Amino acid sequence: MSNLHKILDEKLVRVGVLGATGTVGQRFISLLSNHPWFIIHALGASPRSAGKPYAKAANWKQTTPIPSNVREIIVQECKPEHFSDCAIVFSGLDADAAGDIEGAFRAADLAVFSNAKNYRRDPLVPLIVPLVNDSHLSMVPQQQALHQPPLQKGFILTNANCSTTGLVVPLRALEKSFGPIEACFVTTMQAISGAGYPGVSALDIVDNIVPYIGGEEEKMEWETLKILGGIAEEDGENGIRHALTLPSPRSLLRATAPPPSPQQVREALAAYTPQAQSMGCPSAPVHAIFVHEEPDRPQPRLDRYYQDGAGVSVGRVRQCAVLDIKFVVLANNVSIGAATSSIINAELAVLKGVVKLPIM
């Protein structure tokens, strides 16, 4: 255990949550309430929620009760002055509000870990899936230096779209073992929770599959390239919404030259160990990729909360008649696909000295 690990185990880091009453904000709170390094110090939401105890402001939709250490925290408006004592601010804001608010927090020299899409395409903002490309944390000093005025502690760091996240983890593992990927074809089957609360109308989704999610296909293509650094020359995606509440499973076809065997692919996926695991991030999964041998796994109902949803599950690895290999990936869209990714990103940033601590 490093000296920093020992310090973090003894003294907690103050954090805040923006969009605290929303679906992603609630997931942040559930995950952070018993975090070994972080303590929730401030909560932000819309003006209509500001001034209320959190328990009265939130329409709580998680499967566990509101954490007792959060219930009586008074919700603030999403203004930097209310979060000045926080070393880290997690953003679960909707995209229509996130841009200006997150920009203001960065300008106030606060470190923002965002789940929103607004800054993902910004060339100075890292787009990080913590099980894949934590090396992109090295972009933060340039972002700080080029900001006007330059920043000492503030920055914005984003995590990826939930479907992109589930895709790039096994792609990175395969790239690491077998070299560049020539082409991949993806079909996603996405949970209705990905549309937020209250979500897709029951009249649209019950007994139905919606074969289009606006912007999703393009988003997966360019996000994958930014995260993996131009790994794919061809990357096609079809996005479909279906009546599941949490997970986002997807089928994947991929090709390399020379192609590995299905058994080699299984072994490479199971052996993949990202830096978040080796550095001892407390929210990292034990297995970044869990490989199922059963022909009917992974399944959302059975596998979505394995490792608290912090890793991905892969199954049905087999040869493909069109490309070389095909398999199925399951990723929990509100865990590793959202809040869990942001939290592991923050843990990595602390361990790598990107976040400047004051510690409580």
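Computed from a predicted structure; not experimentally measured. Start at 1 with the first residue, then count along the sequence. The analysis underlying the following values was restricted to heavy atoms, covering all of them including side chains, and did not include hydrogens, waters or symmetry mates.
Checked by atom type, the side-chain pair Ser342/Asn159 shows a donor-acceptor distance below 3.5 Å. In summary, the side chains of Arg27 and Ser335 do present a donor paired with an acceptor at a separation below 3.5 Å, with no hydrogens or angles considered.
Leu351 and Leu157 fall within the same hydrophobic cluster, defined by Ile, Leu, Val, Met, Phe, Trp and Tyr side-chain heavy atoms under 4.5 Å apart, directly or through other members. Tyr119 and Val17 fall into different hydrophobic clusters, where Ile, Leu, Val, Met, Phe, Trp and Tyr are joined by side-chain heavy atoms under 4.5 Å apart, directly or via other members.
By the 4.5 Å heavy-atom criterion applied to side chains, Met220 and Thr188 are counted as neighbours. Between Ile29 and Ile40, the closest side-chain pair of non-hydrogen atoms falls below 4.5 Å. For the pair Val354 and Phe155, the minimum side-chain heavy-atom distance is below 4.5 Å. Side-chain contact between Phe290 and Val312 is absent, with no heavy atoms from C-beta onward closer than 4.5 Å. The side-chain heavy atoms of Cys86 and Val15, taken from C-beta on, include no pair separated by under 4.5 Å. For the pair Phe38 and Val350, the minimum side-chain heavy-atom distance is below 4.5 Å.
Salt-bridge annotation for Glu175 and Arg172: present, with a side-chain N of the basic residue lying under 4.0 Å from a carboxylate O of the acidic one. The existence of a salt bridge linking Asp296 and Arg301 is excluded, since no basic side-chain nitrogen approaches an acidic carboxylate oxygen closer than 4.0 Å.
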request  = Let me see the working for Phe105 and Leu18 under side chain to side chain contact (heavy atoms under 4.5 Å, CB included), right down to the final yes or no.
outcome  = CA-CA 10 Å; Phe105 272 66; Leu18 302 175; 3.6 Å; yes

ask   = Taking it one step at a time, do Val186 and Leu167 satisfy side chain to side chain contact (heavy atoms under 4.5 Å, CB included)?
value = CA-CA 8 Å; Val186 186; Leu167 169 65; 3.8 Å; yes

task = Show the numbers, then the answer: is there a side chain to side chain contact (heavy atoms under 4.5 Å, CB included) between Leu31 and Thr340?
result = CA-CA 8 Å; Leu31 293 168; Thr340 301; 3.3 Å; yes

ask   = Given Ile39 and His35, is the side chain to side chain contact (heavy atoms under 4.5 Å, CB included) satisfied, shown in steps?
value = CA-CA 7 Å; Ile39 185 169; His35 196 280; over 6 Å; no

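Distance check, rounded to the nearest 0.5 Å: CZ of Arg121 to CD of Glu223 gives 8.5 Å. Interatomic distance, Asp324 CG to Cys184 SG, rounded to the nearest 0.5 Å: 12.5 Å. Here the CG-NZ distance, from Asn59 to Lys61, works out to 4.5 Å after rounding to the nearest 0.5 Å. Between the CZ atom in Arg106 and the CD1 atom in Ile156 there is a gap of 4.0 Å [rounded to 0.5 Å]. A distance of 4.0 Å separates CD1 in Ile343 from CG in Leu32, rounded to the nearest 0.5 Å. Rounded to the nearest 0.5 Å, atoms CZ (Phe113) and CZ (Phe28) are 10.0 Å apart.
Remark: Gln152 CD is loosely packed, at most 12 non-hydrogen atoms of other residues, nucleotides or ligands lying under 6.0 Å away. More than 12 heavy atoms of other residues, nucleotides or ligands lie within 6.0 Å of CD in Glu77, so this atom counts as buried by the packing criterion. Within a 6.0 Å radius of CZ in Arg297, more than 12 heavy atoms belonging to other residues, nucleotides or ligands are found. Atom NZ of Lys52 has more than 12 neighbouring heavy atoms from other residues, nucleotides or ligands inside a 6.0 Å radius. Shown here is Asp100, whose CG atom has no more than 12 heavy atoms of other residues, nucleotides or ligands within 6.0 Å. Residue Lys356 qualifies as enclosed at atom NZ: its count of foreign heavy atoms under 6.0 Å is above 12.
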Can you list, pair by pair, the side-chain donor-acceptor contacts under 3.5 Å of residues 260-288, counting residues two or more places apart and other chains?
residue, atom, partner, partner atom, Å
Ser261, OG, Gln264, N, 3.1
Ser261, OG, Gln264, OE1, 3.4
Gln263, OE1, Arg266, NH1, 3.0
Gln263, NE2, Glu267, OE2, 3.2
Gln264, OE1, Ser261, N, 2.8
Arg266, NH2, Val317, O, 2.9
Tyr272, OH, Leu131, O, 2.5
Thr273, OG1, Ala271, O, 3.2
Gln275, OE1, Lys352, NZ, 3.0
Gln277, NE2, Pro285, O, 3.2
Gln277, NE2, Val286, O, 2.5
Ser278, OG, Gln275, O, 3.2
Ser283, OG, Glu347, OE2, 2.6

